[in-house]
Amino acid sequence: MSKLTRFSNKNRAARLDRAVDTFYDLIVIGGGITGAGIVLDAALRGLKTLLIEKNDFASGTSSKSTKLIHGGLRYLKQFEIGLVRETGLERAIAHQNACHLVHPEKMFLPIVSKGTFSNLSANVAISVYDWLASVPSIDKKQSRSKQEAMQDEPLLPEDILQSGIVYSEYRTDDARLTMELIKAAVRNKAEAFNHLEVISFLDDGGKVNGVVVKDVLGQRTQEIRGEVIVNATGPWVDSLRQMDQAEAKSNLKLSKGVHIVLDKSKLPVKSSVYFDAFDGRMIFAIPRGKAVYVGTTDTDYSGNKEDLKCTAEDAEYLLGAVNRFFNVPPIGILDIKSSWTGLRPLVHQAGKGPTEVSRKDEIFVSPSGLISIAGGKLTGFRKMAERILTAVYESSSKTFQPSRTKNYKLHHQPFDSYNEFTAFVNALHNDYKTFSLSLNDLYTLASNFGKDASTILVNAQMKSTNTKEENWLGLLQSQLHYCIEYESVYFPMDFLERRNSWLFFDIENAKKGLEPVSHQLANELDIPEGARKSQLLKARKTLANCSLEQLKESSRQTAR
Ligand code: FAD
């Protein structure tokens with residue numbers, strides 16, 4: 001069992017000084033899932049590796065996905081057999097290597113008249129899907145008659161329903177998965193910084209050999225050198241390529257994807273349902289704890305990448321799809337609890353709309369030697385990293401070991417199986433039943449932190465003589481302290497959005513926790529009062545944005 005490695009912004013200045021004095025074998029720009037996967041693969045092969053992220057880890061697309069580790073049934077329709085096979089096989093590997101975080105999920109596909117799939121095409125497609133991904137018999141698709149489908153999911157539209165299919169995928173928390181990869185890389189001697197922005201490249205005789213970084217927390221500008229530089233900046237890949245070579249042409253096509261979050265009581269589906277929207281697209285309704293999230297949209301985007309918003313049109317599209325399909329009382333904008341908006345960094349294909357563009361990844365090597373990777377999926381991060389390391393090998397003077405990520409457990413104290421994980425959650429529930437923590441609270445804590453959930457609970461020092469509020473605060477402070485020490489949290493939203501997802505799935509607790517979180521961050525990280533206040537203001541804006549306060553206000557005014 002390996003130990004938990006400190007990974008904190010408390011000793012950032014010393015770490016940055018060391019980074020400036022080091023010549024790295026590999027520098028990776030972009031702390032989303034793609035960069036995180038590359039850094040882990042490289043560190044496990046023994047390369048001296050550095051990861052640089054301008055905001056927080058996973059603050060780009062990698063916290064805004066549908067959070068499925070899946071082959072992507074719809075890509076079969078586009079005959080993307082290679083992509084479906086690769087990501088299909090990767091699902092089980094991701095689960096095996098992080099079973100606290102990548103959980104099996106039964107999906108329900110209702111077959112409706114005039115829908116995307118007929119009964120025959122759905123059965124054939126999912127059989128092929130299961131076969132391509134070598135799904136074990138126990139998890140293979142199961143057909144449901146109309147009557148059985150209605151029993152499984154009573155909210156389905158009985159008048160147009162013909163039958164249903166249950167099939168297997170995996171569900172995760174994308175930001176946590178990114179974090180877990182980075183922590184594993186750091187445990188294997190990689191260095192990684194959040195809130196450090198690459199503002200230009202350094203070169204020697206036309207060959208890129210370093211980066212100039214701006215420390216967003218200290219405002220210092222420094223140079224860091226390395227032999228090979230990888231640009232894994234997702235939607236920003238073209239900007240970095242153009243920073244390297246002004247004449248580089250754009251390769252990306254960005255597509256915006258929105259999810260909305262509802263209280264589960266508004267849409268009480270029992271499993272994740274993959275259903276037909278009214279325009280020939282398909283979207284998901286996925287239950288998660290007390291919430292259900294619905295998404296996604298898929299529209300061309302050319303606006304500001306730093307200021308993504310769910311518009312009234314996006315929200316109405318998703319609400320319209322739910323209201324038309326499910327047999328529920330009408331759900332309106334005021335019922336939306338939270339939302340998130342992300343950008344798909346797709347590789348441009350002439351003449352294709354956002355839904356038709358391939359999700360395959362592609363590698364571009366510029367004349368300066370900068371290696372860029374674009375496209376791809378959350379699910380394919382491990383294979384993308386392998387491909388990038390092959391390209392790095394071509395440019396490096398180092399000898400490389402083969403990739404070790406296929407059987408590498410991400411957590412420092414891994415569970416051997418999903419059964420062991422669920423037994424752990426049940427034992428916690430038993431131990432903490434006097435503290436009004438629900439099974440779902442403990443399940444979330446254990447999927448976020450694995451076996452470290454026990455340490456966090458012990459350090460929370462909850463007492464039966466305390467009030468519920470005191471115990472709630474104790475647990476919040478203990479989680480935050482862990483994330484400051486071991487997960488480089490600096491800003492309130494690093495914690496409330498990407499380490500525990502309260503912003504999306506428990507917005508009331510995010511609102512309630514904001515002040516205490518901001519004070520604790522200031523105390524532990526020596527943040528001056530002025531800076532604390534401006535952080536707080538920014539966090540409040542994010543809260544208002546995600547809960548669609550502006551759209552709700554206009555909707556109230558229209559109703560008056
Ligand atoms: P990002 O996560 O965006 O990371 C790039 C990082 O680079 C950012 O954090 C950014 O801040 C940083 N950066 C940019 N410029 C600089 C700089 N100058 N210096 C330092 N850092 C910089 N895939 C699945 O497998 N399953 C799904 O369910 C799924 N659903 C999706 C739903 C939606 C709506 C979307 C948009 C995508 C979905 N995907 C899904 C695809 C998947 O989320 C993406 O392919 C993946 O997250 C992209 O990760 P990335 O690391 O390449 O990019």
Side-chain angles (χ1 to χ4, degrees), residues 23-52 62 71 80-94 97 177-178 181-182 184-185 188-192 201 203 207-211 225-234 237-238 240-241 244-245 248 251-252 345-347 358-408 410:
F23 185 78
Y24 287 96
D25 298 327
L26 175 65
I27 296 178
V28 179
I29 312 166
I33 194 82
T34 309
I38 296 167
V39 168
L40 177 61
D41 193 336
L44 287 174
R45 293 180 199 228
L47 296 188
K48 202 181 290 169
T49 310
L50 170 69
L51 177 69
I52 301 174
S62 299
E80 298 246 25
I81 306 293
L83 176 73
V84 174
R85 179 168 169 74
E86 179 174 297
T87 45
L89 290 168
E90 283 301 304
R91 298 179 305 179
I93 296 173
N97 290 340
L177 185 59
T178 306
L181 289 165
I182 296 171
N188 285 281
K189 303 202 165 42
E191 181 55 284
F201 289 100
D203 73 79
K207 182 179 177 325
V208 67
N209 73 344
V211 289
R225 302 271 172 180
E227 187 179 16
V228 185
I229 318 283
V230 167
N231 166 17
T233 55
V237 156
D238 279 341
L240 274 276
R241 287 178 58 246
D244 169 52
Q245 313 257 292
N251 279 327
L252 286 194
L346 306 175
V347 180
S358 169
R359 267 52 177 170
K360 269 201 283 234
D361 56 285
E362 241 176 272
I363 293 172
F364 311 96
V365 184
S366 73
S368 71
L370 176 71
I371 302 172
S372 300
I373 180 154
K377 291 190 58 73
L378 185 77
T379 311
F381 72 86
R382 205 188 62 81
K383 294 304 280 184
M384 285 166 76
E386 278 186 8
R387 282 192 279 277
I388 274 286
L389 266 290
T390 305
V392 170
Y393 180 74
E394 304 289 316
S395 311
S396 173
S397 58
K398 294 277 150 185
T399 8
F400 275 42
Q401 293 165 17
S403 175
R404 285 175 50 207
T405 54
K406 188 167 179 194
N407 296 308
Y408 188 79
L410 299 187

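Just so you know, residue 1 is the first one in the sequence shown, and it goes up from there. Note that this is a predicted model, so its numbers are computed, not measured.
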Enquirer: Check this for me, if you would: do Asp25 and Lys398 make a salt bridge, where the nitrogen-to-carboxylate-oxygen distance has to be below 4.0 angstrom?
Expert: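 Judged by the 4.0 Å cut-off on N to carboxylate O distance, Asp25 and Lys398 do form a salt bridge.
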
Enquirer: Considering only heavy atoms from C-beta outward, does the side chain of Val365 approach that of Leu370 to under 4.5 Å?
Expert: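 No. Closest side-chain heavy atoms not under 4.5 Å.
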
Enquirer: Is it the case that the side chain of Glu227 and the backbone of Ser397 share a donor-acceptor pair, with hydrogens and angles ignored and the cut-off at 3.5 Å?
Expert: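 Present.
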
Enquirer: Go through the side-chain N and O atoms of Asn188 and Tyr408 and say whether any donor and acceptor fall under 3.5 Å apart.
Expert: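 There is such a pair between these side chains.
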
Enquirer: Ile373 versus Glu362: any side-chain heavy-atom pair under 4.5 Å?
Expert: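 No, side chains not in contact.
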
Enquirer: Under the salt bridge (Lys or Arg N to Asp or Glu O under 4.0 Å) test, which residues partner Lys383, sequence neighbours left out?
Expert: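 Lys383 satisfies salt bridge (Lys or Arg N to Asp or Glu O under 4.0 Å) with Glu386 only.
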
Enquirer: Indicate yes or no: at least one non-hydrogen side-chain atom of Ile38 is less than 4.5 angstrom from one of Phe381.
Expert: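 Counting from C-beta outward, Ile38 and Phe381 never come under 4.5 Å.
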
Enquirer: Is it the case that Arg241 places NZ or CZ above or below the six-membered ring of Phe364, under 6.0 angstrom from the centre and within 45 degrees of the axis?
Expert: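 Positive - Arg241 is close enough to the ring of Phe364 and near enough to its axis.
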
Enquirer: Is there a side-chain contact (heavy atoms from CB on, under 4.5 Å) between Ile182 and Leu51 once you walk through the steps?
Expert: CA-CA 9 Å; Ile182 296 171; Leu51 177 69; 3.7 Å; yes

Enquirer: Taking NZ, NE, NH1 and NH2 as the nitrogens, is one of them in Arg387 or Glu86 under 4.0 Å from a carboxylate oxygen of the other?
Expert: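 So Arg387 pairs with Glu86 through a salt bridge.
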
Enquirer: Does a side chain donor of either Asp203 or Ser368 reach within less than 3.5 Å of an acceptor in the other side chain?
Expert: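 Per modelled atom types, Asp203 and Ser368 side chains form no pair under 3.5 Å.
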
Enquirer: Is Tyr393 atom OH crowded by more than 12 heavy atoms from other residues, nucleotides or ligands, each under 6.0 Å away?
Expert: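 Count not over threshold, so no.
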
